[in-house]
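To start, the structure under review is shown below, and the notes come after it.
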Amino acid sequence: MALNAASHNPTGEKTGPVTGQPPPLSSETQSAILQAANGDIKGHNAPGQDGGDQHGEKKQKSAKELAKERQKAEKAAKFAAKQEKQKAMQAASQPKQKEPKKVQEKLPPYQEDTPKGQKKILKPLDDEYHKAYIPSVVESAWYDWWEKEGFHHPDFTPEGEVKEPGSFVISIPPPNVTGALHIGHALATSLQDAMIRWNRMKGLTVLYVPGCDHAGISTQSVVENMLYNRRNGMTRHDLGREKFVETVWEWKEEYHQKINRVMRRLGGSMDWSREAFTMDENLSAAVRQTFVQLHDEGLIYRANRLVNWCSKLTTALSNLEVDQKELAGSTKLDVPGYDKKIEFGSIWNFKYPIDGTNETIEVATTRPETMLGDTGVAVHPEDPRYKHLLGRKAKHPFVDRLLPIFGDESVEMGFGTGAVKITPAHDLNDFRRGKEHNLEFINILNDDGTMNANAGPFEGHKRFDVRYSVISELEKLGLYVGKKDNAMTIPLCSKSKDVIEPMLKPQWWMEMKPLAGPAIDVVRNGEIKIMPETAKNTYFRWMENIDDWCLSRQLWWGHQVPAWYVKVKGGPEYDTEPEYWVCAQTEDEARAKAEKKFPGKDFTLERDPDCLDTWFSSGLWPFSTLGWPKKTHDFEKLYPTSILETGWDILFFWVARMIFFGLKMTGKVPFTEVYCHSLIRDSEGRKMSKSLGNVIDPVDIMDGITLKALNDKLAVGNLAPKEVERATKWQRSAFPDGIDECGADALRFSLINYTTGGGDINFDVKVMRSYRNFCNKIYQATKFVLGNLPENYMPPAQAGKTGRESLPERWILHKFTHAAKKVNTALAQREFAQATQALHNYWLYELCDVYIENSKSIIRDGTAEESASARNTLYTALDGGLRMMHPFMPFLTEELWQRLPRRPNDNTKSIVIASYPQYESELDDADSSDAYELVLGCSKGVRSLLQDYNVKEDGKAYVQPLSSHAHAVVSSEQASIKTLSGKYIGTVTILRQDESVPAGCAVYPVSVDARVFLQLPGKVDADAEIKRIKPKVAKAADAVKEQEKLIGSLGESVREDVRKKEEENLKAFLSEQRAYEESLARFEEMKLQ
RNA sequence: GGGCCGUUGGCGCAGCUGGUAGCGCACUUGCAUGACGCGCAAGGGGUCAGAGGUUCGAGUCCUCUACGGCCCACCA
């Protein structure tokens, strides 16, 4: 249908600010076109060639090349013409005055009368709060009722088995307990809950486990900051460990409840009776069991080596918790604990005097303060400049120390001075060289980043202050040479942004290679499917190059390491010998182990005060939440879980670790599928961060918020004034009118609709707003249906067909079942956006715009039987549409579905547990669908003509079918065509195939099957019509020519269906051409009369 | 230094195994009240980043370039 959808306004009247033909091309443009057409194929002047010399030998061009050139020139010409036109349009367009949108009246907040946990009391739809869709009105009360009814519990068979279609289980990626939920969590919850609800409606045994992560470092530092700010600089040490941990628990409770409230607001159908927290007793037992077992197997070990040390948080960190910041050259950076910025990205040169000579040796460093820990100088053994110094010693200018000068092949002669200062205790490379060459390991730093006694005169000073004082002291001694820019990266703590210092500390480590192997295998062999594909590659790359994992953290909040040091009387000091550690679930067990290890020895036990990395317990999450290490019913029946859905940013931190822990501890994969969703950025594509003030709280979208309140929120956070200013500015541009209340359903639908499997999401609140409108559409449609069902309406027992449905009914049922097919397929393939688009399309363009419109006339004008059938179909299409939408919009669909009558013998309590629509071949009816598309095409043609000719009353339209089949269709659907043609139509007459068209009609070619005509009002100006039609004839003829050319060029290998399609296109173009030509002829004839 | 991704109408995005570009917002015109103005109808707007290649045919496949972004990496 609608072949000329792309054609211009047939009347030639202005539809835009410009009329008529584009202005003639400028001479400049014309010459550009000529140049493009005549120029060398490369288009540019070749290097070395005089720009004016066009007489060089030209290579022979093949016909193909020439054709390409011509094509290119045509393209260029077309483009230039367009540019001209656009310019003209711009010039012609005038600033238009727009009426400000009417502001909706604000009702006072809705008061819910339903007692908590009871089934919602539905108020009449003409009530002030129910006339149109208001999210807060629709979303109240339902969640409490669902929870109380236990709809979210897994539904086992009476024997306690998983139901026939199987189980579907998701353990929620546990949010950090101190953080507020952000829009990323809302995305995760939307996707997970959509899958959960869909599977539940399909009849599987479904479980969605909620919970939070204790988030060791984050939580501890949040509470420490709070203490410091609110209680006069109090530190955790002032409080003591026990009291501090107690305080953290209090905070945890408050935030945890906040998080749970938002999860419920979002409609996440978690089973709250199974809620987990990583520091719950059972999950802690899982941690102890895992640690002890892996220690006893030798995979967890104690070692004293360089760790990433954060002086601000005073703890070691794993490599993953360190960010690398790139510096192009000298850069001053803010460092926590310093008032002024510190210089990085430079390389400083200075000289060490050689002991016993007058010579010096020049070295370079990016961290001058580390020279206080230098214990050697390395040069390349073959370097002629330094060969004679090998074996000599440099003298440290500030501390009493001699630094051996030695040869090392890893030193590059060409880099810097070719001499490298060696700091084995504070540099990873130097650590290795120090070991190889037996150098001293001298730690110069205290845990807080100040210098210790080994720094001699600099003891007690902060390390970056020392950076400057070392330089000035060297200068005084004449040893300082100078500095240069040096592009480099510096390691920053991902939490505190402090500069990481490599430090020697005994820590617990986990050997990763033996665990990584099987974890790689299960992904490679498909036992675990990772989507998207790129995330899979990232996983392999990381797993294959994995380093051992530093497990211990010098924190108080978390799982204390279940390890005790055995202090044997007369034996080694605390934590100097790894063999003197025992690991056990309890102290008694530890004692027993120690007695066995050191029989007959007198000893005391000292427990390691450190805690484990947060991700250690998170790594056990999929099975610890189901009860492991206990053999619970949940663990037995529901493990492994189905899908792990999370942001790809924690693929390494979490997903990878769950996989190897799962395999190691349970012998099974923890889940069979990983889906990594996109990261959400702001509307300008920037990462959301607190300091930019562009973090979006999902509650603000659900509830709505004014711009002022949004701005005020910035002030509460601890942002610098400059940051607040920048963030305020951004908010003003992104949300000039604040955020409208959009509700959970629109938020969920939008976020899922953003999930196309592509890159990051640039979040735009306007999108939410449009889906809120979509919610209203669904609301209004339901209102219409309810208003058109008679009192005591009872839908038929079966949703299937009676066989007496009218064409529009057969069409909508066809569309409905195809929508069901699309949505189910899309969800099964995790093509989330395709599912939402199919739903959007069905509701808006099929059910509302077409079937509901068409049903009006059937219900009004049809026989009793016809209108009853139309109503039943209305019910089927709406009820099915709501059920199909439920996984995406749980609240709205429940509210509306509960207002609908049920089919007899259906006592389903809630849409939550109603069945999900599936494709049914009985409803599939392609012939009816095609026939009705013809009807729609005809009515669209009529509407278009009415508008083009500005006919406002009693329009007279004619439909001319072009085949007997088409004649049969349009004849029987005359009423539908009229209804769908709008209120300006007076009569729709169906012409016979061979009947001549009345004089003075404008034509609209619908398809090869039909044309429609409109009787032109008043006195017909044949000349004007001829002028209008001529360009259309030409355009149609062009299309025909193009299409003929295309078909002519089709090779032999072309698929039959493609060829057929192209030939049908040709027929359609031909038909269109003929329609215009005939119309033209009629007007020409009219002129003669 | 290594690896990955993106570039499609003014803006935000879809486009499956190659068959001649769609959607939402915005824009233009017409419609005020028995579902919906949070709406309906009719329209306008696209050298699919650039260059080359494969092909009868490229937004889609290959190569290179530019711009933007991400991840990983111990070089003084």
Considering just the side-chain nitrogens and oxygens of Lys1045(A), establish if one lies under 4.0 Å of OP1 or OP2 belonging to C56(B). no
Under the rule for side-chain contact (heavy atoms from CB on, under 4.5 Å), what residues qualify as partners of Ala132(A), not counting sequence neighbours? Asn776(A), Gln780(A)
Under 4.0 Å between a side-chain N or O of Asn753(A) and OP1 or OP2 of G24(B)? no
Out of A35(B), C72(B), A73(B), minimum distance to the side chain of Lys783(A) belongs to A35(B)
Examine the base of A35(B) for any acceptor or donor lying under 3.5 Å from a partner atom in the side chain of Glu853(A), and report the outcome as yes or no. yes
May I have the distance from Leu839(A) (atom CG) to G24(B) (atom P), rounded to whole angstrom? 16 Å
Under 4.0 angstrom between Lys856(A) side-chain N/O and G34(B) OP1 or OP2: no
Passing candidate, salt bridge (Lys or Arg N to Asp or Glu O under 4.0 Å) with Arg367(A), options Asp430(A), Asp374(A), Asp427(A): Asp427(A)
What is the distance from NZ of Lys952(A) to P of G30(B), rounded to the nearest Å? 7 Å
If the P atom of G24(B) is compared with that of C31(B), how far apart are they to the nearest Å? 23 Å
For Tyr779(A) and Tyr133(A), take the angle between the two ring planes, folded into 0 to 90°, and tell me which bin it lands in: parallel under 30, tilted 30 to 60, perpendicular over 60. tilted
Return the set of residues passing ring pair (Phe, Tyr, Trp, His ring centres under 6.0 Å) with Phe415(A) (not counting sequence neighbours), or none when no residue passes. none
What interatomic distance, in whole Å, is found between P of U65(B) and the corresponding atom of U55(B)? 24 Å
Less than 6.0 angstrom from the centroid, inside 45 degrees of the normal: does Lys856(A) satisfy that with respect to the ring of Phe784(A)? yes
Mind checking Trp648(A) for me? I need base, sugar-phosphate or nothing, with any heavy atom below 4.0 Å counting as a touch. sugar-phosphate
How about NZ on Lys822(A), more than 12 heavy atoms from neighbouring residues, nucleotides or ligands closer than 6.0 Å, or not? no
Touch check for Leu306(A), heavy atoms < 4.0 angstrom, all strands: base, sugar-phosphate only, or nothing? nothing
When you compare C16(B) with C61(B), how far apart are their P atoms, in angstrom units rounded to a whole number? 8 Å
Under the salt bridge (charged side-chain N to carboxylate O under 4.0 Å, His left out) test, residues paired with Lys131(A) that sit two or more places apart: Glu128(A)
List for me each residue that meets side chain to side chain donor-acceptor pair (under 3.5 Å) alongside Gln834(A), sequence neighbours excluded, and say none if there are none. none
Using OP1 and OP2 only, check whether a side-chain N or O of Tyr539(A) sits under 4.0 Å from C71(B). no
Would you call Arg432(A) and Glu436(A) a salt bridge, using N to O less than 4.0 angstrom? yes
Distance between P atoms of G1(B) and G18(B) (Å, rounded): 36 Å
Would you indicate, yes or no, if U20(B) has its OP1 or OP2 atom less than 4.0 angstrom from a side-chain nitrogen or oxygen of Lys1061(A)? yes
Pairwise P distance for C38(B) and U33(B), with rounding to whole Å: 16 Å
Among the candidates C25(B), A76(B), C72(B), find the nucleotide nearest to the side-chain atoms of Phe415(A). A76(B)
Could you tell me how far C5(B) sits from A49(B) if I compare only their C1' atoms? Round to whole Å. 15 Å
Gln837(A) has its side chain closest, among G19(B), A76(B), A14(B), to A14(B)
Protein-nucleotide distance (Phe735(A), atom CZ; C11(B), atom P), rounded to Å: 19 Å
Tell me the interatomic distance from Asp737(A), atom CG, to C38(B), atom P, rounded to whole angstroms. 14 Å
Can you measure from NZ (Lys1061(A)) to CG (Asn1065(A)) and round to the nearest 0.5 angstrom? 6.5 Å
Salt-bridged, Lys536(A) to Glu533(A), with N to O below 4.0 Å? yes
Shortest side-chain distance from Thr366(A), nucleotide among A76(B), G12(B), A14(B): A76(B)
Could you write out RNA chain B as a dot-bracket string, with dots for unpaired bases, | for bases paired across to another strand, and Watson-Crick or G-U pairs counted at under 3.5 Å? (((((((..((((.....[..)))).(((((.......))))).....(((((..]....))))))))))))....
Pairwise C1' distance for U7(B) and A14(B), with rounding to whole Å: 15 Å
Euclidean distance, atom CG of residue Asp764(A) to atom P of G10(B) [Å, nearest integer]: 17 Å
OP1 or OP2 of G43(B) under 4.0 Å from side-chain N/O of Lys940(A): yes
Could you tell me whether the side chains of Asn486(A) and Lys484(A) share a donor-acceptor contact shorter than 3.5 Å? no
Could you tell me whether Phe540(A) contacts a base, only the sugar-phosphate backbone, or nothing, with contacts defined as non-hydrogen atoms closer than 4.0 Å? nothing
Do the side-chain N or O atoms of Thr365(A) get closer than 4.0 angstrom to the phosphate oxygens (OP1, OP2) of A76(B)? no
Between the protein and nucleotides 4-9 of chain B, list the N/O to N/O atom pairs that are separated by less than 3.5 angstrom.
none

Distance check, C1' atoms only: G45(B) and G22(B), in whole angstrom units. 14 Å
How many Å lie between CG on Asp760(A) and P on A14(B), as a whole number? 11 Å
Rounded to the nearest angstrom, tell me the gap between atom CG in Leu980(A) and atom P in C40(B). 15 Å
Check if the side chain of Gln947(A) and the base of U29(B) share a donor-acceptor pair of N or O atoms closer than 3.5 Å. yes
Tell me what Asp740(A) touches on the nucleic acid: a base, only sugar-phosphate, or nothing, going by heavy atoms under 4.0 Å. nothing
Does Asn773(A) put a side-chain nitrogen or oxygen below 4.0 Å from OP1 or OP2 of G39(B)? yes
Measure CZ/Arg433(A) against C1'/A76(B) and give the value in whole Å, please. 7 Å
